[in-house]
Amino acid sequence: MDKNTLLQVWPIPAFDDNYIWCIHDGKSALVVDPGDSAPVEDYLLQNDLVLAGILITHHHADHTGGILNLLRNFGADIPVYGPVGADIPGRTVIVKEDDKLEIASPRISFKVFEVPGHTLTHIAYFANMQANVVEPILFCGDTLFASGCGRLFEGTPTQMTQSLAKFASLPKNTLVYCTHEYTLSNIRFALAVEPNNVNLLSWSEKAQALRAQNLPTLPTTIGQELQVNPFMRCDQAAVIAMAKEVSMQQDLPTPAHVLAVIRAWKDRF
Ligand SMILES: [Zn+2]
């Protein structure tokens with residue numbers, strides 16, 4: 001296999017609504033957040049792929065629960081990348097903000113972002129365009145979802161706002177590989193926040209058509225999320241106005257204040 005063969009990214013469905021993403025060159029594969037080992041093993045065997053590495057975004061069990069089985073069954077020397085400060089079973093490579101990962105097989109280079117909010121030590125993996133990567137790609141774990149964001153289990157609205165701002169600064173064509181199929185319920189909430197957002201209305205129709213065929217609504221893109229995701233639009237007049245109305249607060253001076261209101265609203269939506 002030529003080393004410049006374009007990399008492919010495929011979803012491996014797990015549990016009720018998780019996606020374990022597999023990046024491969026037709027020969028060797030990386031998997032992101034294997035919460036379960038069995039579907040990953042089936043996928044690798046069916047596609048004749050060798051497991052070459054495991055990328056972990058955060059410590060939750062539905063993202064880490066399959067690591068030890070995969071190491072047991074495919075090789076204890078397979079590198080497991082994970083964030084500093086988090087308890088990740090089997091982790092061998094600790095990564096932090098701005099680290100550059102040069103992975104040889106499949107050949108890909110990632111930059112690491114620290115994106116606290118959902119958890120305090122959550123990270124994301126970003127690959128800009130390179131010889132075998134045509135569009136930038138982002139593995140964002142449970143920080144960003146299509147039309148939504150992760151619950152704030154450990155971090156603050158300010159941290160989540162800053163984390164989403166890092167994503168907002170990436171190229172608009174960045175393909176975003178979220179780890180849950182939450183899109184339709186996120187869209188229902190986003191429409192409550194912005195009932196007149198025409199981009200959101202057309203995305204809602206597309207997403208419903210995809211789900212009606214049992215197809216993933218992912219990846220999304222940064223450009224699309226900037227148009228339809230209320231959590232990335234906390235500086236927009238319509239979102240600010242709705243946050244004021246819902247919270248009955250006249251003064252929401254920063255995007256973090258707005259995010260705090262709409263995240264709390266989503267939690268009880
Ligand atoms: Zn999580």
Side-chain angles (χ1 to χ4, degrees), residues 9 11-23 30-40 54-70 80-91 93-97 110 112-126 137-167 176-187 189-190 216-220 225 229-232 259-260 262-269:
V9 185
I12 304 172
F15 308 118
D16 288 338
D17 53 27
N18 285 62
Y19 292 125
I20 299 166
W21 294 103
C22 178
I23 311 131
L30 306 170
V31 293
V32 183
D33 287 353
D36 194 4
S37 59
V40 175
I54 297 172
L55 305 177
I56 300 297
T57 63
H58 68 294
H59 63 78
H60 286 159
D62 64 320
H63 296 249
T64 59
I67 299 172
L68 295 181
N69 270 341
L70 290 172
V80 179
Y81 302 85
V84 68
D87 181 19
I88 309 286
R91 179 190 50 203
V93 186
I94 294 175
V95 298
K96 59 184 189 318
E97 177 80 5
F110 285 106
V112 174
F113 293 114
E114 290 178 354
V115 285
H118 178 68
T119 69
L120 284 174
T121 53
H122 201 301
I123 59 173
Y125 299 87
F126 173 69
I137 56 184
L138 176 70
F139 296 100
C140 60
D142 284 352
T143 299
L144 175 63
F145 295 121
S147 313
C149 78
R151 272 179 192 261
L152 299 178
F153 284 119
E154 298 176 12
T156 65
T158 298
Q159 286 174 320
M160 181 56 93
T161 301
Q162 290 165 348
S163 296
L164 294 179
K166 283 184 188 174
F167 294 159
V176 182
Y177 293 90
C178 318
T179 44
H180 287 276
E181 181 60 66
Y182 288 162
T183 308
L184 292 189
S185 67
N186 285 342
I187 289 173
F189 175 73
T217 55
L218 301 167
T220 180
E225 292 313 306
N229 188 326
F231 299 97
M232 293 189 81
L259 186 138
I262 61 170
R263 185 60 257 182
W265 180 15
K266 175 74 163 68
D267 288 347
R268 58 179 193 272
F269 188 73

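These values consider heavy atoms only, across backbone and side chains, with no hydrogens, waters or symmetry-generated copies. For clarity, every value in this text was computed on a predicted model and none was experimentally measured. Note that ligands are numbered from 1 as they come in the structure, with each ligand's atoms numbered from 1 the same way.
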Under 2.8 Å from the Zn ion (ligand 1), how many protein N/O/S atoms do you get? Just the number, please.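 Total protein N/O/S atoms under 2.8 Å from the Zn ion (ligand 1): 4.
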Kindly say whether the aromatic ring centers of His122 and His60 come within a distance under 6.0 Å.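 For His122 and His60, the ring centres are not under 6.0 Å apart.
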Would you check if the side chain of Glu154 reaches a backbone N or O of Leu120 as a donor-acceptor pair within less than 3.5 Å?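 Yes; at least one donor-acceptor contact below 3.5 Å.
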Treating Asn229 as the side-chain partner and Gly148 as the backbone partner, does any N or O pair qualify as donor plus acceptor under 3.5 Å?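 Yes.
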Partners meeting side chain to side chain donor-acceptor pair (under 3.5 Å) with Thr119 (sequence neighbours left out):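 Thr119 satisfies side chain to side chain donor-acceptor pair (under 3.5 Å) with no residue once adjacent residues are dropped.
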Just say parallel, tilted or perpendicular for the rings of Phe167 and Phe113, cut-offs at 30° and 60°.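 Plane angle over 60°, so perpendicular.
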Side chain to side chain contact (heavy atoms under 4.5 Å, CB included) with Pro116: which of Met160, His58, Gln159?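 So the option named by the test is Gln159.
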